[in-house]
Number of protein chains: 4
Amino acid sequence: MVRTVGSRGPKTMEAIRTAGLRLIREHGYEAITLRQLGQEVGIQPGSMYNYIQSKQELLFILIRDHMVALSAEVATALEGAIDPLDRLRRFIRFHVSYHIRRTDEVFIGGSELRSLEGENRTAILAMRREYERLLVAILEDGMAAGQFKRTDPPVTAYAILAMLTGVCTWYNPAGRMGEEELIRLHQDMILGGVLV
Amino acid sequence: MVRTVGSRGPKTMEAIRTAGLRLIREHGYEAITLRQLGQEVGIQPGSMYNYIQSKQELLFILIRDHMVALSAEVATALEGAIDPLDRLRRFIRFHVSYHIRRTDEVFIGGSELRSLEGENRTAILAMRREYERLLVAILEDGMAAGQFKRTDPPVTAYAILAMLTGVCTWYNPAGRMGEEELIRLHQDMILGGVLV
Amino acid sequence: MVRTVGSRGPKTMEAIRTAGLRLIREHGYEAITLRQLGQEVGIQPGSMYNYIQSKQELLFILIRDHMVALSAEVATALEGAIDPLDRLRRFIRFHVSYHIRRTDEVFIGGSELRSLEGENRTAILAMRREYERLLVAILEDGMAAGQFKRTDPPVTAYAILAMLTGVCTWYNPAGRMGEEELIRLHQDMILGGVLV
Amino acid sequence: MVRTVGSRGPKTMEAIRTAGLRLIREHGYEAITLRQLGQEVGIQPGSMYNYIQSKQELLFILIRDHMVALSAEVATALEGAIDPLDRLRRFIRFHVSYHIRRTDEVFIGGSELRSLEGENRTAILAMRREYERLLVAILEDGMAAGQFKRTDPPVTAYAILAMLTGVCTWYNPAGRMGEEELIRLHQDMILGGVLV
DNA sequence: TATGAATGAGGGTTCATTCAT
DNA sequence: TATGAATGAACCCTCATTCAT
């Protein structure tokens, strides 16, 4: 759709990233072709190789950059907070906020993991585990402090992450629910459940 | 790997389904080839066309049959229950149980929706909406009865479904947590949250 | 269209011939499939092999039978005629008449010759040459008798045959010109040309 | 056979056309494969798609270009001639001459029409009708002028065209009859018939 | 005789990738 | 940097043919 014809230099790489994110999100990594991508960007397929080494590398870059940003931003979001309950609230706020801001990256980062090969996959999985560990640690701390019910922390973390990450698949920013309300709803659900 | 050599007739169709589910789950619909599938089943790729009309149709059949089963079984699971709280507990139990029993179908049913074309996609989306409506209705009833907190029912339903459906991506039946415990954990989380 | 479902025995062979003629004429030998043919006849493709040895053999049979009939009938048509002019008139009458009665055979006999392999092709070509020789002989006799202009007999024969055979590609029996008139027109053209 | 190794750019397209004409003429459109064609041209089958959109389009291009040339050249051939008899002589001369110069195009243009799909076929048929109309008009004019016998002009035109077009199937330029003699023979046959 | 399932070869076409210009 | 032409592998799918039942 958006076709930056004749884009040159650094702008081209940016155009490749943007178009790549959108196309892969929409059709999946295996389903898209470098021809499609080139057309979207406004260059010939062969020219793509001035910017990327391979289709696989493009996927890796997109996911890795997203994971790097996620790690950096979550650190900022939790900065200074010590109380487990406070940290959990902040974690939820950050995660939801990030996931509706960068829907494409997040979605791809989950669904296209299986298309990553060898070391690429290993590297990303390590970063994911690190991120998950943050939540597990919060839960453990909260349980130790007697604030949270005693459960299996990793499993509870997975359940929570599944719920929080889900927003990137169905949340519509133009819909009737605003970001703030969405965050509250998730904080309430996770902290207190549905019961009155 | 498992090669049902010389499988004939109806057995072959069943072998195609089983191998198809596993392969698509593992590599994705776009990534697998009918050669792979044929090899797994123990027949030539062309012979597949005695059972399916196209690769696309195979995907559709796999997802559709899963949705049909899901609809039928959830009805049984909720049968006779009237109290919204009871219905919610049963819904969670059923959903979790089904999702760890039929991991492949469930995973594919979510991740490969985008590979369905035209009417195939429309048909499946309709069935999904119908299923989601069940949970929305339970939430609405419970709120009306004053049992559940007042929230946006569809959004809450999406959040809950995301959490429950997540089990198919990470739950390991051979791990230290049994099915019953997993169900309880989810019932507790959804009903009462993490707070003490 | 006409589907003789469950046809048995000798009727089946006849159905194969008829359907074969129509389909090959319409789409060409290479373009049709035994599946199409089977469907038209009302049997499975495999069952065809109870009647024919191969697709190639079917083509051969269809063309050969047509050539045999052509040879037999032209002999009858010329029987008793001695005068070259009389023979030529009869030849034209017969050729036109046969070619609008058995359009499919005739058309296939010309256009699908190149699809005949090895000996099959040789055999048919021999029969064709024999048939052409008839006309060449008539022309030679007529020239010797001073009735026809002196020209190259084989070339003239080819030219005449091209004109006469053409009717099977464009003549419409339901159109405004009847068979008798069509025959006269060709007799007149060939004998006297267009000039007054 | 002739392999223009390493042919680049426009030369390749020309090589595809030439080889295409020869192969299709020899084996028929349905019977040839892009692998064969590629080998003849000296490129991989897939590379063909830098020049054509599909096998079907190649056929269309070959036939269309021939029809365009035919139309253009016949106009030149008839230019300035008014007398119907003169026009008819010129038409015969041109048609025969063109048909023995471009045997492959002409043969394909007739025999592979049935392999053209949808609009492609419609377009070519329209061009053919236009060409045939030229001859019909000449005949009508000549009859009106009292020069030609009164007959059904379209049918007579078909008969003449069948004879004239036939040369492309049997004429051998290396044989004992030269082009000029061939033209004369057809002019004489059509104008005056075989009778003395 | 007829069927249904299978084979094995191959057909048109696509695509990531390369490279001379 | 960008292009256009090429490669080579593979993909989905079709088809003549075989054969146990």
Side-chain angles (χ1 to χ4, degrees), chain A residues 6-10 12-13 30-38 41-58, chain B residues 5-13 30-38 41-58, chain C residues 6-10 12-13 30-38 41-58, chain D residues 5-13 30-38 41-58:
Chain A
S7 59
R8 303 243 159 186
T12 304
M13 184 59 208
E30 295 279 357
I32 68 160
T33 76
L34 292 188
R35 271 162 185 75
Q36 256 181 292
L37 190 49
V41 173
I43 59 179
Q44 295 294 322
S47 306
M48 215 91 64
Y49 287 82
N50 288 317
Y51 301 93
I52 59 173
Q53 306 253 358
S54 67
K55 192 187 173 192
Q56 166 76 198
E57 194 218 39
L58 173 60
Chain B
V5 184
S7 59
R8 298 247 160 187
K11 278 189 182 174
T12 304
M13 183 63 209
E30 295 280 355
I32 68 160
T33 76
L34 293 188
R35 275 168 183 72
Q36 261 180 286
L37 189 49
V41 173
I43 58 177
Q44 295 294 321
S47 303
M48 218 88 69
Y49 288 83
N50 285 321
Y51 301 92
I52 59 172
Q53 305 259 5
S54 65
K55 191 187 175 192
Q56 166 75 200
E57 197 218 39
L58 173 60
Chain C
S7 58
R8 304 242 159 186
T12 304
M13 183 61 207
E30 295 280 355
I32 69 160
T33 76
L34 292 188
R35 272 162 185 75
Q36 257 181 290
L37 189 49
V41 173
I43 59 178
Q44 295 293 323
S47 306
M48 215 89 66
Y49 287 83
N50 287 317
Y51 301 93
I52 59 173
Q53 307 253 359
S54 66
K55 191 187 174 193
Q56 167 74 199
E57 195 218 39
L58 173 60
Chain D
V5 184
S7 61
R8 298 246 159 187
K11 277 187 183 175
T12 304
M13 184 61 210
E30 295 281 355
I32 69 160
T33 77
L34 293 188
R35 277 167 180 76
Q36 259 181 287
L37 188 49
V41 173
I43 58 177
Q44 296 293 320
S47 304
M48 218 88 71
Y49 288 82
N50 286 320
Y51 301 92
I52 58 171
Q53 305 259 4
S54 65
K55 192 188 175 191
Q56 166 75 199
E57 197 219 40
L58 173 61

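Each chain gets a letter, A, B and so on, in the order its sequence line appears, and its residues count up from 1. Please read all numbers here as calculations on a predicted model, not as lab measurements.
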Exercise. What is the distance from CD1 of C/I43 to P of E/dA2, rounded to the nearest Å?
Worked result: 6 Å
For this session: Check B/A31 against B/Q36 and note the closest heavy-atom contact, atom names and distance.
Result: O-OE1, 3.9 Å
Problem set entry | Between CD1 on residue D/I52 and CE on residue D/M13, distance to nearest 0.5 Å | 7.0 Å
Problem set entry | B/E57 vs B/S54 side-chain heavy atoms within contact, under 4.5 Å | yes
Problem set entry | A/Q44 CD to E/dA20 P, straight-line distance once rounded to whole Å | 19 Å
Problem set entry | Any side-chain heavy-atom pair of D/L37 and D/L58 under 4.5 Å | yes
For this session: Report the residues that fulfil side chain to side chain contact (heavy atoms under 4.5 Å, CB included) with A/Q44, sequence neighbours left out, ordered by chain and then residue number.
Result: A/S47
Seminar exercise, completed: Taking F/dT3, E/dA6, E/dA2 as options, the one with an atom nearest any side-chain atom of C/N50 is E/dA2
Exercise. Atom CG of D/L37 to atom C1' of E/dT13: distance rounded to whole Å?
Worked result: 14 Å
Problem set entry | Pairwise distance CD1(C/I43) to CE(C/M48) - rounded to 0.5 angstrom | 5.0 Å
Problem set entry | Secondary-structure string, 5' to 3', Watson-Crick or G-U under 3.5 Å, | for another-strand partners, for DNA chain F | .||||||||||||||||||||
Problem set entry | Nucleic acid footprint by protein, nucleotides 11-17 of chain F - heavy-atom cut-off 4.0 Å, B for base, S for sugar-phosphate alone | BBBBBBB
Exercise. What closest approach, in Å, do B/Y49 and B/K55 show between heavy atoms, and which atom pair accounts for it?
Worked result: OH-N, 4.5 Å
Exercise. Does B/Y51 place a side-chain N or O at less than 4.0 Å from the phosphate oxygens OP1/OP2 of E/dG4?
Worked result: no
